[in-house]
Amino acid sequence: MKLGARNAITGKVTKVQSDNIMSLIKFDVQGPIEMASVITTESLEAMDLKPGDTVELVVKAIHVLPIKR
């Protein structure tokens, strides 16, 4: 499947929090950065994601958020 997003980052799953409907997955990526994703729990189970798994994070944003450093 061809993806429309142009930004892909390799990350490792560090934490998964789930309830009946939604799940929060946190990822460790290169550098001192952590990323997170919220997906349906059904999708999480279908992908069998668990801490320690290495995944490709495809970033496709419809908003740009300014971050003051």
Handout entry: Side-chain touch Lys50/Asp48, heavy atoms, less than 4.5 angstrom
Key = yes

Handout entry: Any Val55 side-chain heavy atom under 4.5 Å of Met47 side chain
Key = no

Fill in the blank from the handout: To the nearest 0.5 Å, atom NZ of Lys12 lies from atom CG of Asp28 at 8.0 Å

Exercise for the section: To the nearest 0.5 angstrom, please state how far the CD atom of Glu42 sits from the OG atom of Ser23. Expected result: 11.0 Å

Practice task
Hey, could you give me the CG/OG1 distance between Asn20 and Thr40, rounded to the nearest 0.5 Å?
Solution key: 12.5 Å

Handout entry: Heavy-atom closest contact (Ile21 atom, Asp19 atom, distance)
Key = N-OD1, 2.8 Å

Practice task
Decide yes or no for Leu44 and Ser18: does some side-chain heavy atom of the first lie under 4.5 Å from some side-chain heavy atom of the second?
Solution key: yes

Exercise for the section: Using the rule that two of Ile, Leu, Val, Met, Phe, Trp, Tyr join whenever any of their side-chain heavy atoms come within less than 4.5 Å, decide whether Val38 and Met35 are in one cluster. Expected result: no

Fill in the blank from the handout: Distance col, row Glu45:CD vs Ile39:CD1, nearest 0.5 angstrom, shows 9.5 Å

Fill in the blank from the handout: Nearest heavy-atom approach of Gly11 to Val29 is CA-CG1, 4.0 Å

Exercise for the section: Report the distance from atom NZ of Lys15 to atom CD1 of Ile25, rounding to the nearest 0.5 Å. Expected result: 12.5 Å

Completion exercise
To the nearest 0.5 Å, atom CZ of Phe27 lies from atom OG1 of Thr54 at 11.0 Å

